[in-house]
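Atoms within a ligand are numbered from 1 in the order they appear, just like the ligands themselves.
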Amino acid sequence: MQVNTLILGAGAAGLMCAAHTGPGTLVIDHAKAPGEKIRISGGGRCNFTNLHTEPGAFLGQNPHFAKSALARYTQWDFIDLVDRHGIAWHEKTLGQLFCDDSARQIIRMLLDEAAQADLWLQTSLAALSHDGQQFTAMLDRQGERVHVTARNLVVATGGKSIPKMGATGAAYDIARQFGHEVTETRPALVPFTFSDTPFQPISGTACPVRAQAGGVSFDEAALFTHRGLSGPAILQISSYWREGDEIVLILDPKGVLYDSLRAARASHGRRNLTTVLAQHLPARLVDHLAPSLGLAGNLADQPDTRLAQIAGALSEWRLRPTATEGYRTAEVTLGGIDTNALSSKTMGSRHVPGLYFIGEAVDVTGWLGGYNFQWAWSSAIAAARAI
Ligand code: FDA
């Protein structure tokens, strides 16, 4: 069978690309259904883009690489597409846009847009070669061997996160086969674990924090879990954390605690210190911290130096995670196909004509909040326009 374009992977990037590559496109995926990660994303409502998308929200060895694709297919272009399909959406927080109803609407929209492409599910790649003109792929389609030749090959098989859902890292093998480098890959947007499970007694407690790691900070919620720490602020800093590093949790991100404690002492000096702190932090967290910080007695018993000491400790809680939960729960893979040998305008290989890498497989990783889908859409369109 001869096609113009063979797309590997019917996820976010692969389907978006298939919608724009014209006739003669075949998309294959080894899963039973297309867009499985879209289906489970955003708690089933898919955080499909972010109003504040800009290159600074993406990590990668070359921080400039994502600029061109993001500028040529923006969040506004995707919102326009969603509107044309009559999908209702809302902004949840921090520019994050979610479907009102279901993530399945985004999958349906992409399948409708890509209707002219053939989609083969439960199909895997057994062998791949390139003769200088075209690609030859040996496919295993539900137990049957099929030989496909294609002028263009788009690799959209994603990263390594959530192997249970079929993530394979196949894109990296294909990249290496054609002489591309792959940067170090690691789980990102992932909870931290601590070997001594210190937060087990307060698991389920959440509070707003400023979380810091690797020189960056995020103001969002942190969640204490059986195994360690999760929540948006923690997932965000996990992309900047390296094994052995400390993280810092600022439990008083607005910096008002010292003044509040002094004011409370003046008006309600007989109140218990922990009772007053529980007006600023979850009571379970205050109880948990009380022994190590020596939180005891009435406010009236605490001189200014002591209040400053308490406010200081809560403004710089240093923790050293043991590890992360790894690819088992990571939302994305940090690192990937080295962008040095890719065109930022087309996602095309500088080594092999007609070869493209898009989506999460590439060394471009977004923050939490719809940025990773926007990269999938933008990089897919960049490749499709060049084909
Ligand atoms: P994606 O993983 O979507 O697709 C790859 C496809 O290739 C899959 O269909 C897979 O089956 C197929 N495949 C893999 N190996 C193959 C092989 N060897 N042969 C054939 N097929 C193969 N992002 C965001 O912006 N907003 C959000 O709300 C969320 N929420 C979220 C929740 C959870 C639980 C996870 C795990 C991730 C998110 N993300 C997210 C991240 C987002 O899902 C991710 O960035 C995109 O799906 C990446 O799109 P791709 O198309 O590159 O890969």
Side-chain angles (χ1 to χ4, degrees), residues 6-18 26-50 53 57-58 75 78 89 92 94-99 103 106-107 110-111 119-128 137-141 154-174 187-191 230 232 235 239 325-334 336-337 347 356-380 383:
L6 174 62
I7 300 178
L8 306 180
L15 290 176
M16 189 63 165
C17 191
L26 170 64
V27 191
I28 69 148
D29 200 299
H30 64 180
K32 279 190 187 145
E36 279 291 271
K37 274 200 189 153
I38 301 174
R39 183 178 60 79
I40 62 157
S41 68
R45 291 223 162 94
C46 186
N47 176 194
F48 54 78
T49 192
N50 193 296
T53 301
F58 295 83
Q75 59 273 42
F78 193 76
W89 52 268
K92 197 167 168 192
L94 301 170
Q96 301 167 5
L97 304 192
F98 287 75
C99 298
I106 299 292
I107 303 175
L110 293 169
L111 289 172
L119 173 59
W120 292 1
L121 297 169
Q122 293 177 281
T123 302
S124 54
L125 181 69
L128 182 65
M138 187 65 82
L139 304 179
D140 188 343
R141 189 185 188 194
V154 181
V155 182
T157 49
K160 292 198 234 179
S161 49
I162 324 257
K164 250 189 176 173
M165 294 191 68
T168 56
Y172 313 134
D173 298 336
I174 296 169
L189 301 183
V190 62
S230 187
L235 300 186
S239 300
E325 289 189 1
Y327 290 116
R328 189 177 62 81
T329 62
E331 280 203 11
V332 286
T333 303
L334 190 67
I337 294 155
M347 303 293 127
Y356 300 85
F357 295 96
I358 60 175
E360 193 181 321
V362 178
D363 176 23
V364 173
T365 307
W367 288 348
L368 186 79
Y371 297 97
N372 285 295
F373 277 137
Q374 186 58 45
W375 170 247
W377 319 135
S378 297
S379 59

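- One distance of note links NE2 of H30 with OG1 of T168; it measures 5.5 Å at 0.5 Å rounding.
- With a 4.0 Å cut-off on non-hydrogen atoms, L8 does not touch ligand 1 at all.
- The N/O atoms of A361, backbone and side chain alike, include none that comes under 3.5 Å of an N/O atom in ligand 1.
- Of the candidates Q96, Q75, Q374, Q374 is the only one forming a side-chain hydrogen bond (donor to acceptor under 3.5 Å, both in side chains) with T49.
- Near A12, meaning under 4.0 Å from one of its heavy atoms, ligand 1 places the atoms 3 (O), 49 (O), 51 (O).
- Summary of contacts: the protein heavy atom closest to atom 53 (O) of ligand 1 is G158 CA, 3.5 Å.
- The minimum heavy-atom distance between L15 and P34, with the atom names listed, is CD1-CB, 4.2 Å.
- You'll find the ring centres of W377 and F373 inside the 6.0 Å limit.
- In terms of polar-atom proximity, S124 is not counted as a contact of ligand 1, lacking any N or O under 3.5 Å from an N or O of the ligand.
- Between T123 and ligand 1, not a single N/O pair is under 3.5 Å apart.
- On a distance-only criterion, S161 and ligand 1 share no N/O pair closer than 3.5 Å.
- Expressed to the nearest 0.5 Å, how far CE of M138 lies from CG of L128 amounts to 11.0 Å.
- If you look at I162 next to ligand 1, the close heavy atoms, those under 4.0 Å, all belong to the side chain.
- In A170, the part holding a heavy atom less than 4.0 Å from any atom of ligand 1 is the side chain.
- If you number the atoms of ligand 1 from 1 as listed, the ones under 4.0 Å from a heavy atom of N372 come out as 23 (N), 25 (O), 45 (O).
- Ranking protein heavy atoms by distance to atom 26 (N) of ligand 1, first place goes to N47 O, 2.9 Å.
- Atom 11 (O) of ligand 1 has D29 OD1, 2.7 Å as its closest protein atom, hydrogens excluded (heavy atom only).
- Of the protein's heavy atoms, A13 N, 2.8 Å lies nearest to atom 51 (O) of ligand 1.
- Where the criterion is an N or O separation shorter than 3.5 Å, residue side chain and backbone included, F373 meets it with respect to ligand 1.
- Here R141 contributes atom CZ and L121 contributes atom CG; the two are 9.0 Å apart, rounded to the nearest 0.5 Å.
- Ligand 1 places these atoms under 4.0 Å from at least one heavy atom of G370: 24 (C), 25 (O), 26 (N).
- Judged purely by atom type and a 3.5 angstrom limit, N372 uses its side chain to pair as donor or acceptor with the backbone of G366.
- When each atom of ligand 1 is checked for a heavy atom of V332 under 4.0 Å away, the hits are 41 (C), 45 (O).
- For atom 14 (C) of ligand 1, the nearest non-hydrogen atom of the protein is T157 O, 3.4 Å.
- Distances below 4.0 Å separate heavy atoms of A156 from the following atoms of ligand 1: 5 (C), 6 (C), 7 (O).
- The N/O atoms of G42, backbone and side chain alike, include one that comes under 3.5 Å of an N/O atom in ligand 1.
- In terms of protein heavy-atom proximity, atom 34 (C) of ligand 1 is nearest to I40 CD1, 3.5 Å.
- Between the OG1 atom of T329 and the CG atom of L189 there is a distance of 10.5 Å, given to the nearest 0.5 Å.
- Without hydrogens or angle criteria, T365 side chain to T333 main chain gives a donor-acceptor distance under 3.5 Å.
- Taken from CG in D29 to OG1 in T123, the straight-line distance is 8.5 Å, to the nearest 0.5 Å.
- If you take CD1 on I40 and CD on E331, they are separated by 8.0 Å, rounding to the nearest 0.5 Å.
- Considering all non-hydrogen atoms of both residues, A383 and C17 come closest at CB-SG, 4.4 Å.
- Within the listing of ligand 1, atoms 6 (C), 7 (O) sit less than 4.0 angstrom from a heavy atom of G9.
- Closest to atom 39 (N) of ligand 1 by heavy atom, among E331, K32, E36, is E331.
- Annotation for ligand 1: atoms under 4.0 Å from non-hydrogen atoms of G359 are 52 (O).
- The single protein non-hydrogen atom nearest to atom 30 (N) of ligand 1 is S41 CB, 3.3 Å, given as residue, atom name and distance.
- E360 and S161 form a side-chain donor-acceptor contact under 3.5 Å, judged by distance and modelled atom types alone.
- Ranking protein heavy atoms by distance to atom 48 (C) of ligand 1, first place goes to E360 OE1, 3.5 Å.
- Every atom of ligand 1 with a heavy atom of G166 under 4.0 Å away is listed here by number and element: 14 (C), 15 (N).
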